[in-house]
Amino acid sequence: MLYRVETGPRAGLDDTQGRKTAQHLRKALNISVSGVRQIKVFTADGLDAAQVARLLDESIWHDPILQEASLEPLPLLDPAADWFVEVGFRPGVTDNEARTARDTAAMVLDIPRDSLRVYTAVQYRISSDKAAPLTREQVDMLARDLLCNTLIQRYRIKSRQEWDAQPGFEAQAARVTGEINETVDTIALSAMDDEALTKASRENTWALNLKEMHSIRAQFTAQEEADRRKALGLPADPTDVEMEVLAQTWSEHCKHKIFASRINYTDAATGRSEVVDNLYKTCIRDATAMLRERMGEDDYCKSVFKDNAGVIAFINGYDACIKVETHNSPSALDPYGGALTGIVGVNRDPMGTGMGAELVCNTDVFCFASPFHDKNLPPRLLHPRRVLEGVREGVEHGGNKSGIPTVNGSLVFDERYLGKPLVYCGTVGIIPAEIHGRPGWFKQAEEGDYIVMTGGRIGKDGIHGATFSSEELHEGSPATAVQIGDPITQRKMYDFIMRARDLGLYHAITDNGAGGLSSSVGEMAEDTGGCVLDIAKAPLKYDGLRPWEILLSEAQERMTLAVSPEKLDEFMALAARMDVEATALGRFTTSGFFEVRYHDRIIASMPMEFMHDGVPQLELEAEWKAPEVTDVTVDVAEVEQTAFLQRMLGTLNICSKEYIIRQYDHEVRGGSVVKPLVGVKRDGPADAGVIRPLLESDAGLVISHGICPKFSDYDTYWMMANAMDEAIRNAVAVGADPDALAGVDNFCWCDPVVSPSNPDGRYKLAQLVRACRALRQFSLAYGVPCISGKDSMKNDYTGGGERISIPPTVLFSILGVIRNVTAAQTSDFKQPGDAIYVLGGTWREMAGSEAATELGLKGGRVPHVDASNAMLRYRAVNALMGQRAISACHDCSDGGLAVAIAEMCIGGRLGAEINLDAVPALEAMNVTELLYSESASRLVVSVKPDLAMILDALGMWQPCTRIGTVTGNGQLTMKSGDSIIVNSSVEDLARAFKRTLDW
């Protein structure tokens, strides 16, 4: 029997959740309501009346002081509700709160968890504005557009009249019923023509092209393979299990086929053509190999490009690792769930690196369309503000509830992210340099090891996640591709894994990420050359999954481990003691085949070589034709300069992100040194994060990044160069050693494969080639090896007759070492009287600048990067920081010199007097261009007056000039000749900086 329990705030108490929802309705949808009351609903299946009464009496599902609970509909309160909307999950979607409620109830009642089902819903009681009563159509719209994500949830509506006639909603459970569907279908590839092959790939979300489908068909129709399969009792054509495994393994998401492709590259200006064979190998892997050879015995790279995260040497018997992932497609459909699984998913990457890393911090970078977007949305797209709020909350819940600090991040806004937001999530971990006599970064499954899955159970959520992310977003994108994460379950698993690691209970570990068991077991089986996996043993969230769904599901919080037979009992006993589910599903073998069984029946058997290396290389066309760019003059009248600076501080890409930063815990674990916000009021922007992961040591890690897609409209070569320079510059600004940095490249691209729906694919691919060549060039020039990376190649949307492609975007992240965190520096001015210097020259480089964009201007010259000069500058700054000679340091990036100085004043709540004539301008430009040019490799520093001669000496061989003095009058004044160009109080600057996203 189903029992329905409603819980909500007691009469007379503030309903904060309801008030927040009402504010969202007003701001996001411009719908005026007088109030919203929010009720949480629990539906229980498997209890008797006495057990339910006990749960209510003992306040198991509610706070008895602030809330009331009832088996009847809670009474209506003033203001009286006019409409009732109830939102719950669809069948097959993970309901984490319900799972927690179930486990708690089972513990209190002392009953088996599996005997009880709990489902949750939220009921919104909406009171209309009496001057403008809501219609049913409006209520349906607000439910669909804000209260409910129809991909994973469903909703019901009642008017007040309907409620009065029959109070409440009937009990409803989002359950999947029925026994396990053991059906295994045969995919008749041998009977399909090209049209049928293409249709099958599209309809099944395999994301395989025709050449790949031909390759699979040829493999299965070969006589030797057909004979082998017949002996195993398998059909000549592939089973649906085999097709799904190959689609996942060969997906763009997993195989990076575009990066590995053979490209015929043509430069339209010269007419010259050349072949680029594998961008990853030639531009990324080989550059890192050259740098490691150059470093010789000083090579600090431990493991690169072959594990879940890249590993470098750290200090005191520890190595450090980092991985940054994207979760763009899931976040477009379900911002909360997509982003939550983005952060908990990337947490599992270091967790599964080497023998398992301890997680020390997170970093997050988001790219959205404007949250103030006021145009009609194409089909299936969510409003950017809803996407922003959902992503923010998802990452908040995933990171904070996992007990991992978020120490670095940023936001980028561009209207082209309307089609697909970009959600970059990264995690840093530390690993003992040696574990049980072997390097901590090394792992290897051995023949005979058990395949053990730990953590959460398998459900329908996340099916086709890898293949779905390998194609553009469209109106028919599958809801099941979105996973729902549970950080509490994952935290328990993480604690267990760290204990098992220290006890030496396993040989290897990896994450059940894209492709689920298919991916994790398939990758680990490469160590031995084969495996036998029985998915009938896999623990499920509910009945109804088909065998291929069990194998491919990307349901979260799961890791796969290789456990030796002699350690299995101890491993399982530890898991039981720590309340972590662990199941042995098979063995690693040397057979050469990936074999999947369902009980005693073989349902898949494929050669490991074909599965991992059989995908045919793509052959693509690229043509570079430089965009036609005209010169542009950026000029603001002298009398408007003060107002323009305040206006610039309020633009979306410059303004304070404090609203979001404050949602994330950066203090947990007690190791954060440089926080995301710095200064006397903790509201100035930091350049990078500094964390001390080992509290008994003064050694620290620096986490920074660079991202500047605005330059892609001009040349992706310089976009990539500027992103790398910005990341390195930010790390140096807080104290990182520029000669001990490691990079992570994350490419997010619009579809670079030409097709009828994507006619400019050749140009987009040429943009990718240029960006990769810049990555190689500047990795070598800066001496920064890339140790990990990821690409996402189909960031486009089609629907409603419209195609939206993101600007080519690369996030370049830096993991650096700082040997003594007490030498770390922040961006805020510290003391009146300090001398202000700018290091690096300014050119008239206004293309893509925030000032030009704000004024609606396009054109000019994009900023170039001179790595050799910049590196000398960065080493000098690092040496000065080691001598405690610098009191503040800040990079010049978005908004140029004017914004950088304003931010330093805001952080320190101190003024400054600036002589613009002293700024090292390397060509003629007007004062506005001098203030807002975004020339690369520049830093603004302050020093005590008695140390100014050190900077003056530096200026004899580097662009380094004293441009002003820190003042105590709270006023920023910038002069040129006898003219006062800018004159503003710092408090006015701070208000302008913080106003835009202060909602």
Side-chain angles (χ1 to χ4, degrees), residues 181-255 257 463-468 470-471 478 514-519 521-523 525-526 530-536 545-553 586 589 591-616:
N181 185 347
E182 299 184 18
T183 303
V184 176
D185 292 332
T186 300
I187 310 299
L189 293 187
S190 58
M192 293 184 185
D193 59 16
D194 287 356
E195 183 179 350
L197 289 171
T198 300
K199 181 180 179 183
S201 178
R202 178 70 170 181
E203 290 182 348
N204 290 286
T205 321
W206 291 335
L208 295 168
N209 63 37
L210 187 58
K211 186 176 180 180
E212 291 161 351
M213 293 293 284
H214 283 169
S215 180
I216 295 171
R217 184 171 63 185
Q219 165 69 18
F220 282 86
T221 55
Q223 189 60 51
E224 183 179 351
E225 179 66 8
D227 293 343
R228 186 187 71 85
R229 293 175 63 80
K230 184 176 180 180
L232 294 174
L234 286 168
D237 281 304
T239 65
D240 56 357
V241 179
E242 292 167 322
M243 277 304 302
E244 295 289 347
V245 169
L246 286 171
Q248 171 270 309
T249 307
W250 289 12
S251 67
E252 174 61 42
H253 181 85
C254 295
K255 275 296 179 191
K257 293 179 289 190
I463 291 174
H464 283 146
T467 51
F468 154 68
S470 300
E471 61 181 15
L517 285 170
S518 167
S519 174
V521 177
E523 290 173 5
E526 289 187 278
C531 67
V532 175
L533 181 66
D534 185 356
I535 56 173
L545 273 70
R546 297 180 63 182
W548 74 262
E549 292 177 316
I550 297 171
L551 188 62
L552 270 291
S553 171
T589 70
S591 68
F593 294 95
F594 179 82
E595 183 175 305
V596 182
R597 299 183 178 186
Y598 195 85
H599 295 302
D600 295 329
R601 177 188 175 193
I602 298 176
I603 58 176
S605 178
M606 290 179 289
M608 290 286 295
E609 184 178 3
F610 178 73
M611 178 176 163
H612 289 290
D613 302 320
V615 58

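Excluded from the calculations below are hydrogen atoms, water molecules and symmetry mates; all remaining heavy atoms, backbone and side chain alike, are included.
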Exercise. Go through Asp194 and Met213 one step at a time and tell me if the side-chain contact (heavy atoms from CB on, under 4.5 Å) criterion holds.
Key: CA-CA 9 Å; Asp194 287 356; Met213 293 293 284; over 6 Å; no
Self-check item: Residue pair Thr239, Trp548: steps toward the side-chain contact (heavy atoms from CB on, under 4.5 Å) verdict
Solution: CA-CA 9 Å; Thr239 65; Trp548 74 262; over 6 Å; no
Exercise. With side-chain contact (heavy atoms from CB on, under 4.5 Å) as the test, would you mind laying out the steps for Thr249 and Phe594 before giving the verdict?
Key: CA-CA 12 Å; Thr249 307; Phe594 179 82; over 6 Å; no
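Trp206 has its side chain within reach of Ile187: a pair of non-hydrogen atoms, C-beta onward, lies under 4.5 Å apart. In this structure the side chain of Leu208 reaches within 4.5 angstrom of the side chain of Ile216, judged on heavy atoms.
Side-chain contact of Gln219 with Ser215: a donor-acceptor pair under 3.5 Å is absent, judged by distance alone.
Looking at every heavy atom in both residues, Arg229 comes nearest to Pro238 through NH2-CA, 4.0 Å. Pro547 and Tyr598 get closest at one heavy-atom pair: CG-CD1, 4.1 Å. Shortest non-hydrogen contact noted between Ser201 and Ala207 is OG-N, 3.6 Å. Residues Ala196 and Asp193 approach most closely at N-OD1, 2.8 Å, considering heavy atoms.
Checking side-chain atoms of Arg217 against main-chain N and O of Met192 turns up a donor-acceptor pair under 3.5 Å. The main-chain N or O of His599 is found under 3.5 Å from a side-chain atom of Asp534 such that the two form a donor-acceptor pair. For Ser251 (side chain) and Gln248 (main-chain N/O), a donor-acceptor pair under 3.5 Å exists by modelled atom type. Between the side chain of Glu225 and the main chain of Phe220, no donor-acceptor pair closer than 3.5 Å is present. Between the side chain of Glu609 and the backbone N or O of Gly614, no donor-acceptor pair lies under 3.5 Å. Side chain of His612 to main chain of Gly522: a donor-acceptor pair is present (N/O by atom type, distance under 3.5 Å, no hydrogens or angles). Between the side chain of Asp237 and the main chain of Ser190, a donor-acceptor pair closer than 3.5 Å is present.
A salt bridge between Lys255 and Glu212 is absent, with no side-chain N of the basic residue lying under 4.0 Å from a carboxylate O of the acidic one.
For Phe610 and Trp250, the gap between ring centers is short of 6.0 Å.
Leu189 CG to Met243 CE: the interatomic distance, rounded to the nearest 0.5 Å, is 5.0 Å. The distance from the CE atom of Met608 to the CD atom of Glu523 is 9.5 Å, given to the nearest 0.5 Å. Atom CD1 of residue Ile535 and atom CG of residue Leu551 lie 5.5 Å apart, to the nearest 0.5 angstrom. To the nearest 0.5 angstrom, Asn204 atom CG is 6.5 Å from Glu244 atom CD. Between Arg546 atom CZ and Ser553 atom OG the span is 14.5 Å, to the nearest 0.5 Å. The CD atom of Glu242 sits 11.5 Å away from atom OG of Ser518, with the distance rounded to the nearest 0.5 Å.
Scored by the side-chain contact (heavy atoms from CB on, under 4.5 Å) test, Arg601 finds Val184, Ile603 as partners (sequence neighbours excluded).
More than 12 heavy atoms of other residues, nucleotides or ligands shown are found within 6.0 angstrom of NZ on Lys211.
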